[in-house]
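Step one of this worksheet: look at the structure below.
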Amino acid sequence: MVAIEVVDAELAALYAELGTEFAAYERVKQLIMAQIKGGRWSAGEQIPSENQLVAALGLSRMTINRALRDLTADGALTRVMGVGTFVAAGKATSPLFEVRNIADEIARRGHRHRTEVVFVRAEEVGEGHPLLGNDLSGTVFHSLLVHREDEVPIQLEDRYVNPAQAPGYLAQDFTTVTPNTYLSEVAPLLRGEHVVEAVRASQDECGLLGIARDEPCLLIRRRTWSSGGLVSAARLIHPGSRNRLEGTFDTEPG
């Protein structure tokens with residue numbers, strides 16, 4: 001956290017230099033972006049709180065909040081509810097046409113991955129399940145995990161698993177191995193299906209991801225099959241301000 005006296009003395013003076021040509025919230029955005037581009041606040045660093053900025057700049061909480069919300073939507077900041085606001089490290093990139101291990105993706109970016117296990121359990125499901133359809137019913141394994149990149153939640157993984165394909169699923173320690181790694185070993189991928197859509201996460205899901213209720217999210221519905229049939233079906237929810245999907249494709253001539 002930036003010392004309050006530093007915020008009051010330095011940021012207030014810098015804000016005053018911006019004049020009055022633009023609306024107050026736009027000037028706050030300019031001020032914050034100037035500190036980021038100038039290297040004062042680096043990627044992953046926590047910036048002054050709303051309370052500090054309100055006190056230092058003499059502006060309303062509504063004005064400060066709008067500036068922070070806009071910069072979060074633009075991908076410049078990351079806000080974690082109950083913790084604070086941080087300079088974004090750049091949106092995490094996930095492949096659109098491939099099934100990759102999220103821990104490996106994060107490591108490739110030079111960051112640290114950590115998994116928070118909400119639950120792993122056996123459940124009974126009927127036919128026509130929203131994710132499983134009619135491919136699987138009866139007893140299934142169900143896990144809910146939060147994947148963090150440098151302690152910032154970037155993915156909520158809600159996964160159903162076929163016990164016949166992965167009988168040891170419930171015994172795994174998913175703080176040390178990801179479901180992707182385990183399932184790839186016991187039921188090698190033969191075919192996959194992706195459906196991508198923009199959604200608003202539920203209140204509970206927002207709480208787990210540390211995002212505001214109105215933040216747009218990217219949802220990937222992923223189902224995978226091995227030679228023995230359906231292996232798993234997952235809902236992968238990504239906060240829109242922290243992630244992007246990308247992919248490449250080739251076209252055949254003629």
Side-chain angles (χ1 to χ4, degrees), residues 92 94-105 115-148 153-211 213-240 242-245 247 249:
S94 297
L96 181 57
F97 303 120
E98 302 174 54
V99 177
R100 289 185 185 171
N101 181 14
I102 189 170
D104 293 340
E105 291 180 32
T115 302
E116 175 186 341
V117 178
V118 181
F119 62 73
V120 182
R121 65 197 183 200
E123 293 182 0
E124 296 295 317
V125 300
E127 294 186 354
H129 186 274
L131 270 181
L132 299 170
N134 294 320
D135 291 324
L136 190 63
S137 60
T139 301
V140 300
F141 297 151
H142 185 193
S143 60
L144 186 65
L145 313 177
V146 180
H147 295 284
R148 295 175 176 268
I154 65 164
Q155 184 190 92
L156 181 64
E157 176 185 333
D158 184 9
R159 184 182 296 272
Y160 291 85
V161 174
N162 184 348
Q165 297 292 326
Y169 191 79
L170 297 184
Q172 302 308 304
D173 179 2
F174 290 122
T175 64
T176 60
V177 62
T178 65
N180 174 279
T181 297
Y182 170 70
L183 293 174
S184 295
E185 291 175 353
V186 300
L189 177 67
L190 182 66
R191 179 166 65 93
E193 172 188 275
H194 282 170
V195 177
V196 182
E197 58 184 313
V199 299
R200 296 288 178 95
S202 70
Q203 184 172 345
D204 288 344
E205 290 165 345
C206 288
L208 291 170
L209 288 168
I211 58 175
R213 185 69 177 86
D214 59 352
E215 172 158 352
C217 294
L218 294 170
L219 168 63
I220 300 177
R221 299 180 189 273
R222 175 182 293 166
R223 301 204 299 168
T224 56
W225 288 262
S226 71
S227 58
L230 180 70
V231 176
S232 79
R235 295 172 66 249
L236 308 175
I237 304 174
H238 307 79
R242 303 173 190 167
N243 293 268
R244 74 171 186 264
L245 301 176
F249 62 90

Sub-3.5 Å donor-acceptor pair from the side chain of Gln165 to the main-chain atoms of Val161, do we have one? no
Heavy atoms, side chains only, cut-off 4.5 Å: are Gln155 and Ile102 in contact? yes
Would you please test Thr115 and Val146 for side chain to side chain contact (heavy atoms under 4.5 Å, CB included) and show each step? CA-CA 6 Å; Thr115 302; Val146 180; over 6 Å; no
Which residues share a salt bridge (charged side-chain N to carboxylate O under 4.0 Å, His left out) with Arg221, sequence neighbours left out: Glu197
I'd like to check the salt bridge (charged side-chain N to carboxylate O under 4.0 Å, His left out) partners of Arg235; sequence neighbours left out, ordered by chain and number. Asp158, Glu205
Testing the basics here: between Pro153 and Pro239, what is the closest heavy-atom pair and its distance to 0.1 Å? O-CG, 4.0 Å
How about Val118 and Leu208: do any of their side-chain heavy atoms sit closer than 4.5 Å? yes
To the closest 0.5 Å, what do you measure between CD1 (Ile154) and CZ (Arg148)? 11.0 Å
Please name the pair of heavy atoms, one in Ala166 and one in Tyr182, separated by the smallest distance, quoted to 0.1 Å. CB-CE2, 3.9 Å
Heavy-atom side-chain contact between Thr224 and Leu183 under 4.5 Å: no
What salt bridge (Lys or Arg N to Asp or Glu O under 4.0 Å) pairs are there with at least one residue in residues 171-184, not counting sequence neighbours? none
Tell me the salt bridge (Lys or Arg N to Asp or Glu O under 4.0 Å) pairs involving residues 176-193, sequence neighbours left out? Glu193-Arg223
Where do Phe174 and Tyr169 land on the ring pair (Phe, Tyr, Trp, His ring centres under 6.0 Å) test, with the steps shown first? CA-CA 10 Å; Phe174 290 122; Tyr169 191 79; 4.8 Å; yes
Stepwise side chain to side chain contact (heavy atoms under 4.5 Å, CB included) test for Leu156 and Leu236: CA-CA 6 Å; Leu156 181 64; Leu236 308 175; over 6 Å; no
Could you tell me which residues satisfy side-chain contact (heavy atoms from CB on, under 4.5 Å) with Cys217, sequence neighbours excluded, listed by chain and number? Val199, Ala201, Ile211, Ile237
Side-chain heavy atoms of Glu215 within contact of Cys206, under 4.5 Å: no
Any side-chain to backbone donor/acceptor pair from Glu116 onto Leu145? Under 3.5 Å, distance only. no
Got a list of side-chain donor-acceptor pairs under 3.5 Å for residues 124-133, not counting sequence neighbours?
unit_1, atom_1, unit_2, atom_2, d
Glu124, OE2, Thr139, OG1, 2.4
His129, ND1, Leu131, N, 3.0
His129, ND1, Leu132, N, 3.3

Using atom types as modelled and distance alone, determine if a side-chain donor or acceptor of Thr181 lies under 3.5 Å from a backbone N or O of Val177. no
Can you find a side-chain donor-acceptor pair between Arg159 and Ser143 that sits under 3.5 Å? no
Counting only N and O atoms by type, is there a donor-acceptor contact under 3.5 Å from the side chain of Asn162 to the main-chain atoms of Leu230? yes
Between His142 and Phe119, how do the two ring planes meet: parallel, tilted or perpendicular, split at 30° and 60°? perpendicular
Minimal heavy-atom distance between Trp225 and Val231, with the atoms involved, is C-CG2, 4.0 Å
Would you call Arg121-Glu123 a salt bridge at under 4.0 Å N-O? yes
